Amino acid sequence: MCGITGWVSYARDLGTRDGVLRDMTETMACRGPDAAGTWVAPHAALGHRRLAVIDLPGGTQPMKVDTPDGAVAMVYSGEAYNFTELRDELRRRGHRFDTDSDTEVVLRGYLEWGERLAEELNGMYAFAIWDERTEKLVMIRDRMGIKPFYYYETDDGVLFGSEPKAILANPAVDPVIGLDGMREIFSFAKTPGFAAWEGMRELKPGHLAVVDRNGLRERCYWQLEVSEHTDDRAATVAHVRELLDDIIARQLVADVPRCTLLSGGLDSSAMTAIAALQLAEQGENVRSFAVDFPNQAENFRAIDVAPTQDTPFVKAVAEHVKSDHENIMLDGAALSDPAVRSAAVGARDLPIGLGDRDNSLYLLFKAIREQSTVALSGESADEIFGGYPWFHNERQRTADTFPWLVDSPLNPGGLLDGGLTEQLDLGAYIGDNYSAALNSAPIKDGETGLEKRMRQVSYMHLTRMVQTLLDRKDRMSMAVGLEVRVPFCDHRLVQYVFNTPWSLKTYDGREKSLLRGATRDTLPDEVADRKKSGYPGSFDPNYLTAIQSQAAELIASNHRVLDFYDKDQLKAATQADGKTIANEQRNAIERVLDIATWLDQRNPTIKLA
């Protein structure tokens with residue numbers, strides 16, 4: 001896992017711009033704390049920061065192979081979980097290897113297959129290859145978009161990076177946010193390929209882009225497709241388990257300490273239990289971590305997406321699988337610390353977070369990183385298996401919008417200034433995005449009614465919502481140099497379950513029937529039967545008091561962020577009683593603090609006209 005960046009320019013000699021390349025590379029230092037490297041050719045410059053996970057001495061980057069017709073150089077972020085098989089295949093084809101790293105396998109795979117390499121990989125990855133033989137840059141992102149990748153076209157080439165901050169470090173780029181960028185910030189309607197910063201694009205999941213002297217061309221090499229599901233219930237459940245066993249075994253491979261993120265929910269518990277079984281065969285105990293809060297039992301308030309506390313279920317799983325477990329305790333003072341908020345907002349480059357849940361995730365990962373370098377997460381199982389409450393609520397799943405926005409406790413546009421609200425017209429923006437998502441969903445011939453609608457709902461989750469959560473996971477973990485792997489995002493599992501009929505996904509009348517059936521034998525009954533409960537928030541009254549005080553200080557100082565908000569409503573929110581404060585008020589306070597932090601960090605130019 002690493003941070004990558006680079007610059008291609010056909011009209012200048014980049015050998016004279018190595019200082020700019022170093023500045024761009026240095027923005028990725030948190031993603032790669034173990035080593036830094038650059039490589040410069042006349043028209044291409046590549047930068048890399050490394051987090052060493054596999055072949056610690058041999059995976060140095062940028063990595064280069066010299067050919068009779070020119071060099072082929074690469075910067076690579078991520079993991080190819082099938083690199084052992086690919087290396088064997090490439091050896092049979094005559095390739096020789098100097099390292100044991102998956103990086104070299106990917107590079108030599110390009111020499112063998114060219115752009116078709118993307119179709120051979122199983123993993124999470126974002127990489128760029130400069131092919132001096134044809135003077136072209138090839139940029140590739142994994143199928144599910146687990147690893148981030150951004151690019152910015154210039155008059156004579158392209159800039160790219162794992163995160164926008166690497167591109168923004170180039171003096172040729174101005175940090176400008178236009179009207180659509182602000183709409184993206186204030187809505188939860190993730191737009192594929194849209195990066196919010198003007199002129200910048202996000203390479204879409206399952207896509208590759210090629211830059212040469214004729215310009216930039218992006219194409220899709222993988223997407224969700226409709227196919228006939230012929231397995232019966234028993235065979236379907238068995239195949240899901242078979243896939244999970246193989247996926248988790250692959251993702252446990254590392255030359256550094258690894259662990260699991262354990263919430264006590266079905267997803268993370270099943271993953272942890274399978275990992276425990278596999279590690280036990282090697283004479284190891286699985287290591288697991290969970291987040292917790294002081295006095296959570298007394299302060300907890302059930303909501304639809306989080307009806308129960310995690311702690312009792314975490315304890316049951318840890319004891320059942322005999323994991324070496326640790327709870328990471330986070331209090332209100334830590335969560336409300338402006339330095340923590342600054343780190344979380346800075347990691348995401350945009351103020352599109354989830355308040356204390358972003359801050360706690362950052363602190364959780366930071367604590368884990370002190371003991372482990374790789375963690376496995378249950379992220380995305382709800383999107384794949386249909387775990388969220390709105391999958392099962394007819395009014396929400398049939399609404400003419402994204403189901404997760406119906407009755408949502410999150411209202412990112414809450415308390416905005418009336419003029420800005422009218423200008424943004426978030427309802428129309430969300431509606432347009434919803435229509436685009438709906439129209440792009442692949443539908444099976446003859447599919448109607450509930451089955452058709454649930455395929456559409458699943459597709460929207462797998463191409464929109466999951467992108468928001470994967471990006472959040474990646475940014476918060478890599479901000480502290482922790483690699484988080486997501487077994488449920490293996491494209492084989494995603495494609496198989498996507499084509500499983502909804503009636504099979506809910507065969508026992510509950511959410512995530514397939515996952516429960518495939519893993520029940522590894523879990524305590526109370527965990528296997530636990531209702532979906534989302535990542536926990538803090539109910540510490542000290543947190544609310546602290547953020548109300550911080551927002552009041554922004555009002556008193558007439559901070560720039562107030563240009564976006566109704567000052568009277570915001571002031572009322574800062575004075576609201578903690579026991580009666582509305583969700584919209586609390587969420588708005590957190591958003592105000594995030595946006596103020598972002599404005600101070602980035603000083604973006606906001607263009608609303």
Side-chain angles (χ1 to χ4, degrees), residues 3 5 7 17 19-31 47 148 150-154 159-187 194-202 337-353 355 358-359 362 412-413 415-417 419-420 423-424 471-472 475-476 478-479 547 550-567 570 588-609:
T5 189
W7 186 2
R17 307 304 298 273
V20 176
L21 177 64
R22 284 197 298 270
D23 290 343
M24 294 170 66
T25 304
E26 191 57 27
T27 66
M28 301 285 96
C30 61
R31 298 183 71 90
Y150 296 84
Y151 65 84
Y152 182 100
E153 286 191 79
T154 64
L159 302 164
F160 68 86
S162 293
E163 298 179 6
K165 58 175 62 72
I167 296 170
L168 295 170
N170 191 297
V173 181
D174 294 323
V176 178
I177 297 287
L179 191 57
D180 279 345
M182 292 298 286
R183 287 168 173 150
E184 195 76 5
I185 288 172
F186 285 111
S187 71
F194 188 64
W197 300 97
E198 284 202 354
M200 196 179 300
R201 295 283 297 168
E202 184 178 20
D337 185 345
V340 172
R341 186 176 302 277
S342 179
V345 172
R348 298 199 71 173
D349 287 312
L350 289 170
I352 51 177
D358 270 14
N359 297 351
Y362 170 82
L415 310 194
L416 285 179
D417 173 78
L420 179 59
Q423 201 169 7
L424 292 176
D471 183 76
R472 171 175 174 258
R475 302 300 191 87
M476 294 303 158
M478 294 308 295
I547 64 172
Q550 291 166 15
E553 291 175 7
L554 293 175
I555 295 173
S557 67
N558 199 32
H559 192 280
R560 180 186 175 189
V561 72
L562 300 181
D563 293 344
F564 306 136
Y565 282 89
D566 184 305
K567 297 179 184 178
L570 182 58
I589 289 173
E590 292 181 316
R591 295 283 292 185
V592 165
L593 295 176
D594 282 355
I595 294 170
T597 300
W598 172 67
L599 292 171
D600 291 341
Q601 285 178 344
R602 283 287 170 203
N603 191 27
T605 298
I606 309 295
K607 290 184 178 180
L608 299 181

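Computed from a predicted model, the values in this text were never measured in an experiment.
For the residue pair M28 and A166, the shortest heavy atom distance occurs at CE-CB, 3.9 Å. Between F160 and W7, the closest heavy-atom pair is CE2-N, 4.1 Å. T25 and G47 get closest at one heavy-atom pair: OG1-CA, 3.3 Å. When all heavy atoms of A196 and I177 are compared, the closest pair comes out as O-CD1, 3.6 Å. Smallest separation of non-hydrogen atoms from I555 and L562: CA-CD1, 3.7 Å. Shortest non-hydrogen contact noted between Y152 and G199 is CD1-O, 3.3 Å.
A donor-acceptor pair under 3.5 Å is absent between the side-chain atoms of D174 and the main chain of V176, judged by distance alone. K567 places no side-chain N or O within 3.5 Å of a backbone atom of D417 that could act as its donor or acceptor partner. In terms of modelled atom types and a separation under 3.5 Å, the side chain of W598 and the main chain of D349 share a donor-acceptor contact. Between the side chain of R591 and the backbone N or O of I595 there is no donor-acceptor pair closer than 3.5 Å. Checked by atom type and distance alone, the side chain of R183 pairs as donor or acceptor with a backbone atom of L424 at under 3.5 Å.
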Apply side chain to side chain contact (heavy atoms under 4.5 Å, CB included) to residues H559 and D600 and explain how you reach the verdict. CA-CA 10 Å; H559 192 280; D600 291 341; 3.1 Å; yes
Exercise for review: Show the numbers, then the answer: is there a side chain to side chain contact (heavy atoms under 4.5 Å, CB included) between M182 and Q423?
Suggested key: CA-CA 10 Å; M182 292 298 286; Q423 201 169 7; over 6 Å; no
As a quick check of understanding, evaluate side chain to side chain donor-acceptor pair (under 3.5 Å) for Q601 and S342, giving each step before the final call.
CA-CA 8 Å; Q601 285 178 344; S342 179; 2.9 Å; yes
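Using a 4.5 Å heavy-atom threshold, the side chains of L420 and L608 count as touching. At a threshold of 4.5 Å between non-hydrogen side-chain atoms, the residues T154 and L159 count as touching. For the pair R31 and E163, the minimum side-chain heavy-atom distance is below 4.5 Å. Using a 4.5 Å heavy-atom threshold, the side chains of R17 and P171 count as touching. Looking only at side-chain heavy atoms (C-beta outward), V561 and L554 come within less than 4.5 Å of each other. The closest side-chain heavy-atom distance from P164 to M200 is below 4.5 Å. In this structure, the side chains of L168 and R602 come closer than 4.5 Å at one or more pairs of heavy atoms. A 4.5 Å side-chain heavy-atom check between F564 and L599 finds at least one atom pair inside the cut-off.
Looking at residues two or more places apart in sequence or on another chain, you find a side-chain contact (heavy atoms from CB on, under 4.5 Å) between N603 and R560. With sequence neighbours left out, the side-chain contact (heavy atoms from CB on, under 4.5 Å) criterion links E202 to R141, Y150, K190. Every residue two or more places apart in sequence or in another chain that forms a side-chain hydrogen bond (donor to acceptor under 3.5 Å, both in side chains) with E184 is listed here: T191, Y429.
Between R341 and the choices D594, T597, D358, the side-chain hydrogen bond (donor to acceptor under 3.5 Å, both in side chains) rule is met once, by D594.
Taken to the nearest 0.5 Å, the CE atom of M476 stands 9.0 Å off from the OH atom of Y362. Taking CG of L416 as the reference point, atom OH of Y565 lies at 5.0 Å (rounded to 0.5 Å).
For the pair R475 and D471, the salt-bridge criterion is met [side-chain N within less than 4.0 Å of a carboxylate O].
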